[in-house]
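Sequence positions, counted from 1, serve as the residue numbers for this chain. Treat the numbers as computed from the prediction; the structure is a model and nothing was measured.
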Amino acid sequence: MPNLAIIGAQWGDEGKGKITDYLDETADLIVRFQGGNNAGHTIKVGDRVFKLHGLPSGVVREGNLAVIGNGTVVNMEELLEEMDQVLKAGGSLDGLRISDRAHLIMNYHKKLDGAEEKYRGSKVVGTTKKGIGPAYQDKIARIGIRAGDLLDDELLKEKAEFILPYKKDLMTMLEAEPCGCECETLYNKLKGWQEKIGRYICDTSVLINEALDVGKKVLFEGAQGAMLDIDHGTYPYVTSSSTCGGGICTGAGVAPNRIEKVVGCLKAYTTRVGEGPLVTELSGEAEEILQKKGGEFGVTTGRGRRCGWLDLVVAEHASRMCGFTSLAVTKLDVLNDYEELPVCTAYRIEGKETKYFPASISKIERAEPVYKTLKGWKGWDDTAAVVKGGYDSLPSEMKDYIGFIEKHLKVPADIISIGPDRNDTIDRKKDWWK
């Protein structure tokens with residue numbers, strides 16, 4: 001029953017797409033278990049670059065099954081655009097599967113998302129306004145439209161006639177952009193989606209579990225970071241789904257005893273997009289330099305990411321919530337040529353030190369980082385030569401940095417990423433499926 005899970009150890013943007021692409025070469029199934037098109041993964045395969053939001057990263061690799069699990073929400077219009085992107089680049093969609101239990105993001109969800117943010121005034125969450133939150137709200141309120149509903153014409157009519165008037169009233173109350181859609185128009189749109197993606201819809205829980213039963217290799221792909229988890233993240237500045245290890249079970253339809261290995265994808269420094277506290281956040285020129293060196297601009301939003309030094313309080317919290325068995329440390333090359341590298345090992349809150357991430361957002365906002373300063377390292381001219389030389393060819397100070405992370409988290413750094421290409425990777429484990 002070989003399987004792997006890849007989960008971001010921070011607020012997303014840790015390089016999960018690259019690591020997933022690196023590890024899925026020999027996988028049989030790649031499964032997205034949460035989130036929607038607010039995630040952004042950039043995948044490079046040879047000269048081809050894919051910028052994916054809704055499709056699992058593994059869809060670009062022929063021979064895989066790429067599964068959109070029941071824990072996701074699907075923006076069908078953007079999904080169809082991504083499908084076209086893959087086909088135009090010479091890829092195949094034969095392996096795509098969409099859970100019949102995955103919920104759909106409708107246009108009214110996007111309108112409500114923007115209106116709700118405006119309604120919050122100065123208390124904005126910083127959503128991508130993609131309709132993710134309102135779609136999950138409908139799921140919990142038991143009025144959502146699921147992918148499987150597209151296969152039932154009568155049910156689609158019933159849902160269109162019930163939901164649309166309700167949403168129009170809600171949009172009026174929140175002063176949202178008006179929705180000119182009528183029930184018949186909505187029904188016809190849903191029917192059009194049925195024709196385009198109906199053949200990809202199935203009970204993906206059965207598909208995944210049957211694959212595990214016969215020993216196929218299954219890779220579970222997290223869409224966002226652990227610190228955006230609805231329960232364990234920096235609430236309320238979080239996403240609307242479970243991004244931690246438990247989200248795999250509920251979002252893919254597998255039992256806890258099915259999960260064997262969990263790779264925590266940890267960026268060598270810290271970033272986040274949108275609102276919410278970032279204890280190690282830099283400012284001014286220092287932030288601009290790190291932002292520019294790291295190319296820290298969102299695939300989904302285009303916004304510059306907020307940047308700070310590595311925060312091991314965050315990483316420890318994520319590891320405990322997700323059960324990391326390995327780390328993939330990414331973007332180490334971005335830290336080349338710094339003379340010193342501060343690493344946060346604790347917080348000081350109201351004069352007291354803690355090594356544990358607080359639930360209280362006000363405490364996090366008042367927290368001061370307690371740093372351990374490590375020596376930096378010089379960069380190199382030939383990344384391919386460094387990769388070929390393996391871990392021992394890395395600068396000694398970089399290995400000390402990695403070792404400090406391993407010791408603090410008590411998790412081995414089995415993947416070392418020192419560049420954007422999938423080949424710019426040092427793999428210290430080799431056989432991931434045993």
Partner of Trp432 by side-chain hydrogen bond (donor to acceptor under 3.5 Å, both in side chains), out of Asp414, Asp427, Asn3: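 Looking at Asp414, Asp427, Asn3, the match for Trp432 under the side-chain hydrogen bond (donor to acceptor under 3.5 Å, both in side chains) is Asp427.
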Kindly give the heavy-atom pair with the smallest separation between [X] and [Y], and that separation in Å.
X      : Y      : value
Ile349 : Ala367 : CG1-CB, 3.7 Å
Cys244 : Asp229 : N-OD2, 3.1 Å
Pro2   : Trp433 : CB-O, 3.5 Å
Lys167 : Ile143 : NZ-CD1, 4.3 Å
Pro358 : Ile364 : O-CD1, 3.4 Å
Ala9   : Ala318 : O-CB, 3.4 Å

Salt bridge or not between [X] and [Y]? Use side-chain N to carboxylate O under 4.0 Å.
X      : Y      : result
Lys111 : Glu177 : yes
Asp203 : Arg101 : yes
Lys191 : Asp153 : yes
Lys159 : Asp149 : yes
Glu406 : Arg428 : yes
Arg146 : Asp100 : no
Glu77  : Lys196 : no
Lys18  : Asp21  : no
Glu296 : Lys331 : yes

Please assess Ile30 against Leu65 for the test side-chain contact (heavy atoms from CB on, under 4.5 Å), listing each intermediate value before the final yes or no. CA-CA 6 Å; Ile30 296 87; Leu65 285 181; over 6 Å; no
Ignoring hydrogens and angles, tell me if any N or O in the side chain of [X] forms a donor-acceptor pair with the backbone of [Y] under 3.5 Å.
X      : Y      : answer
Arg306 : Gly274 : yes
Ser319 : Ala315 : no
Lys130 : Ile105 : no
Asp421 : Asp424 : no
Ser417 : Thr330 : no
Asp152 : Glu154 : yes
Glu221 : Arg32  : no
Tyr401 : Ala268 : yes
Thr325 : Val262 : yes
Glu195 : Trp193 : no

Tell me whether [X] at atom [atom1] has more than 12 heavy atoms from other residues, nucleotides or ligands lying less than 6.0 Å away.
X      : atom1 : value
Tyr391 : OH    : yes
Lys168 : NZ    : yes
Glu365 : CD    : yes

Between [atom1] of [X] and [atom2] of [Y], what distance do you get to the nearest 0.5 Å?
X      : Y      : atom1 : atom2 : result
Leu266 : Leu409 : CG    : CG    : 7.0 Å
Phe33  : Ile248 : CZ    : CD1   : 4.5 Å
Asn64  : Asp94  : CG    : CG    : 12.0 Å
Cys265 : Ile19  : SG    : CD1   : 5.0 Å
Leu55  : Glu78  : CG    : CD    : 11.0 Å
Ile6   : Leu219 : CD1   : CG    : 4.5 Å

So do the side chains of [X] and [Y] get within less than 4.5 Å of each other, counting heavy atoms only?
X      : Y      : answer
Leu310 : Gln10  : yes
Arg97  : Ile208 : no
Cys181 : Asn107 : no
Glu287 : Glu281 : yes
Lys355 : Thr345 : no
Cys307 : Thr270 : no
Cys344 : Trp309 : no
Leu228 : Arg272 : yes

Are side-chain N/O atoms of [X] and [Y] paired as donor and acceptor at under 3.5 Å?
X      : Y      : result
Ser326 : Lys261 : no
Thr185 : Lys189 : no
Tyr22  : Asn423 : no

For side-chain hydrogen bond (donor to acceptor under 3.5 Å, both in side chains), just list the numbers for His109 and Asp138, CA-CA rounded to whole Å, side-chain angles, deciding distance to a tenth of an Å, and then say yes or no. CA-CA 9 Å; His109 288 137; Asp138 280 5; 2.8 Å; yes
Begin from the C-alpha positions of Glu158 and Phe162 and carry the test side-chain contact (heavy atoms from CB on, under 4.5 Å) through to its verdict. CA-CA 6 Å; Glu158 290 177 13; Phe162 167 74; over 6 Å; no
Hey, mind stepping through Lys434 and Asp431 against salt bridge (charged side-chain N to carboxylate O under 4.0 Å, His left out) and telling me if it holds? CA-CA 6 Å; Lys434 285 188 178 179; Asp431 194 344; 3.6 Å; yes
For the pair Leu332 and Leu394, evaluate side-chain contact (heavy atoms from CB on, under 4.5 Å) and give the outcome as yes or no after the intermediate values. CA-CA 11 Å; Leu332 280 155; Leu394 295 174; 5.9 Å; no
Using salt bridge (charged side-chain N to carboxylate O under 4.0 Å, His left out), reason through Glu316 and Arg320 one step at a time and then give a plain yes or no. CA-CA 6 Å; Glu316 187 280 332; Arg320 178 160 34 88; 3.2 Å; yes
Which residues share a ring-ring contact (aromatic ring centres under 6.0 Å, His included) with His317, sequence neighbours left out: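 Testing His317 for ring-ring contact (aromatic ring centres under 6.0 Å, His included), a comparison that skips the adjacent residues, returns Phe357.
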Residue pairs involving residues 82-91 (criterion side-chain hydrogen bond (donor to acceptor under 3.5 Å, both in side chains); sequence neighbours excluded):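 Not a single pair qualifies under side-chain hydrogen bond (donor to acceptor under 3.5 Å, both in side chains).
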Apply the test side-chain contact (heavy atoms from CB on, under 4.5 Å) to residues Gln34 and Val73: give CA-CA distance (whole Å), side-chain angles for both, the deciding distance (0.1 Å), then the verdict. CA-CA 7 Å; Gln34 55 78 215; Val73 287; over 6 Å; no
